Amino acid sequence: MDTDGFTTCLWFDGQAEEAARFYVSVFDGSKLGEVVRNTGATPGGEDGTVLTVEFTANGQKFVALNGGPEFRFTEAISFQLDCDDQAEIDHYWEKLVEGGGEHGPCGWLKDRFGVSWQVNAKRLTEMIGDPDREKADRAFKAMMTMGKLDIAELERAYAGGA
């Protein structure tokens with residue numbers, strides 16, 4: 001077995017290459033890998049069309065598969081981005097919805113392919129894990145009122161303000 005971790009396979013309906021190129025554009029240091037095309041031996045695709053695209057995004061290995069319309073993404077699986085600061089949150093909050101995605105509550109969003117993302121603040125994780133349950137609860141309640149996370153507002157709630 002390969003000891004380099006896992007490769008996540010994402011199932012698309014004809015958008016594998018477009019999705020791979022999009023994800024590579026979102027994260028610095030990402031790259032496209034091998035593109036496998038359909039042949040007479042592969043079911044479901046016309047000869048020469050893209051079957052799979054390997055790519056690395058944010059250090060994670062993926063393969064995008066053009067598998068057909070049978071399966072769709074749901075919120076049951078999401079990718080969590082733990083951001084260091086508000087600038088990172090702002091960047092990913094807007095970049096990941098480009099081209100038809102949608103913002104959701106509590107730092108969640110869906111990209112234009114239907115993949116769910118949690119654009120989280122590392123600091124929020126620390127706040128809601130605080131053993132002082134009053135402070136942790138205030139931060140959690142503040143987060144529940146937000147779309148895009150606002151670190152300054154979370155800090156105010158955590159400290160007992162707002």
Side-chain angles (χ1 to χ4, degrees), residues 1-13 15-34 52-65 67 71-162:
M1 182 170 160
D2 188 345
T3 58
D4 283 341
F6 294 96
T7 299
T8 301
C9 180
L10 300 173
W11 181 294
F12 296 92
D13 183 15
Q15 300 172 303
E17 187 171 21
E18 178 187 352
R21 289 184 184 285
F22 173 70
Y23 297 132
V24 166
S25 78
V26 170
F27 300 100
D28 291 339
S30 299
K31 64 181 180 179
L32 290 174
E34 183 178 6
T52 62
V53 180
E54 293 178 356
F55 66 101
T56 303
N58 203 34
Q60 302 296 308
K61 298 182 300 181
F62 293 89
V63 62
L65 166 70
F71 302 109
R72 298 279 180 225
F73 297 110
T74 74
E75 291 84 354
I77 299 283
S78 62
F79 295 105
Q80 184 172 328
L81 299 174
D82 289 319
C83 299
D84 290 323
D85 55 36
Q86 192 65 48
E88 272 191 352
I89 289 172
D90 295 347
H91 169 76
Y92 291 117
W93 186 251
E94 293 309 321
K95 187 73 176 167
L96 284 165
V97 297
E98 282 182 0
E102 59 188 48
H103 294 126
C106 307
W108 286 63
L109 60 85
K110 281 187 185 179
D111 66 31
R112 69 180 180 237
F113 305 102
V115 175
S116 291
W117 297 82
Q118 298 176 55
V119 182
N120 186 41
K122 286 182 186 175
R123 180 67 182 121
L124 174 61
T125 302
E126 295 167 3
M127 286 186 259
I128 63 176
D130 192 309
D132 182 332
R133 293 314 316 155
E134 288 183 17
K135 292 169 79 174
D137 288 349
R138 287 193 304 263
F140 187 83
K141 286 177 183 174
M143 181 265 311
M144 292 296 291
T145 68
M146 297 178 181
K148 177 177 72 175
L149 298 185
D150 180 328
I151 296 173
E153 187 59 35
L154 291 166
E155 290 283 6
R156 275 191 286 284
Y158 178 74

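Here the structure is a predicted model, which is why all the values come from computation and not from measurement.
- With contacts defined as side-chain heavy-atom distances shorter than 4.5 Å, the pair Val115/Tyr23 qualifies.
- Atom OH of Tyr158 sits about 4.0 Å away from atom NZ of Lys135, to the nearest 0.5 Å.
- For the atom pair SG of Cys83 and CG of Leu149, the computed distance is 8.5 Å after rounding to the nearest 0.5 Å.
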> Are Asn120 and Thr125 close enough, and set up right, to give a side chain to side chain donor-acceptor pair (under 3.5 Å), and what steps lead you there?
Replying inline: CA-CA 8 Å; Asn120 186 41; Thr125 302; 3.0 Å; yes
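- Under the side chain to side chain contact (heavy atoms under 4.5 Å, CB included) criterion, Gln60 pairs with Phe62, not counting sequence neighbours.
- Here Asp130 pairs with nothing under the salt bridge (charged side-chain N to carboxylate O under 4.0 Å, His left out) rule; sequence neighbours left out.
- Shown here are the side chain to side chain contact (heavy atoms under 4.5 Å, CB included) partners of Ala152, two or more places apart in sequence or in another chain: Asp150, Arg156.
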>> Please evaluate residues Leu81 and Phe27 with respect to the criterion side chain to side chain contact (heavy atoms under 4.5 Å, CB included), reporting the C-alpha separation (whole Å), side-chain torsions for both, the decisive distance (0.1 Å), and the verdict.
In response: CA-CA 11 Å; Leu81 299 174; Phe27 300 100; 3.8 Å; yes
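- Here the shortest heavy-atom pairing between Ser30 and Asn58 reads OG-N, 3.2 Å.
- For the residue pair Asp13 and Gln15, no side-chain donor N or O sits within less than 3.5 Å of a side-chain acceptor on the partner.
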> side chain to side chain contact (heavy atoms under 4.5 Å, CB included) between Leu96 and Val26: does it pass, once the steps are laid out?
Replying inline: CA-CA 7 Å; Leu96 284 165; Val26 170; 4.0 Å; yes
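- The number of heavy-atom neighbours closer than 6.0 Å to CG of Asp132, taken from other residues, nucleotides and ligands shown, is above 12.
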> Where do Met146 and Glu153 land on the side chain to side chain contact (heavy atoms under 4.5 Å, CB included) test, with the steps shown first?
Replying inline: CA-CA 10 Å; Met146 297 178 181; Glu153 187 59 35; 3.7 Å; yes
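- Residues that satisfy the side chain to side chain donor-acceptor pair (under 3.5 Å) test with Glu75, not counting sequence neighbours, are Lys110.
- Annotation: side chain to side chain contact (heavy atoms under 4.5 Å, CB included) contacts of Phe140 (sequence neighbours excluded): Ile128, Met143, Met144.
- By the salt bridge (charged side-chain N to carboxylate O under 4.0 Å, His left out) test, Glu98 pairs with Lys95, sequence neighbours left out.
- From Leu124, atom CG reaches atom CD1 of Ile151 across 9.0 Å, with rounding to the nearest 0.5 Å.
- Thr145 is linked by a side chain to side chain donor-acceptor pair (under 3.5 Å) to nothing, counting only residues two or more places apart in sequence or in another chain.
- The salt bridge (charged side-chain N to carboxylate O under 4.0 Å, His left out) contacts involving residues 111-128 comprise Glu18-Arg112, Asp84-Lys122, Arg123-Glu126, Arg123-Glu155, where partners must be two or more places apart or lie in separate chains.
- Closest approach of Ala139 to Met127, counting heavy atoms only: CB-CB, 3.9 Å.
- Separating the OG atom in Ser116 from the CD1 atom in Ile77 is a distance of 9.5 Å, to the nearest 0.5 Å.
- Taken to the nearest 0.5 Å, the CH2 atom of Trp117 stands 8.5 Å off from the CG atom of Leu109.
- In this structure Gln118 satisfies the side chain to side chain donor-acceptor pair (under 3.5 Å) test together with Ser78, sequence neighbours excluded.
- Rounding to the nearest 0.5 Å gives a distance of 8.5 Å between CH2 of Trp108 and CD of Gln80.
- With sequence neighbours excluded, the residues that form a side chain to side chain contact (heavy atoms under 4.5 Å, CB included) with Lys148 are Gln86, Ile89, Asp90, Trp93.
- Scored by the ring pair (Phe, Tyr, Trp, His ring centres under 6.0 Å) test, Phe12 finds Phe73, Phe113 as partners (sequence neighbours excluded).
- Taking 4.5 Å as the limit, every side-chain heavy atom of Leu10 sits out of range of all side-chain heavy atoms of Val63.
- Shown here are the side chain to side chain donor-acceptor pair (under 3.5 Å) partners of Asp85, two or more places apart in sequence or in another chain: there are none.
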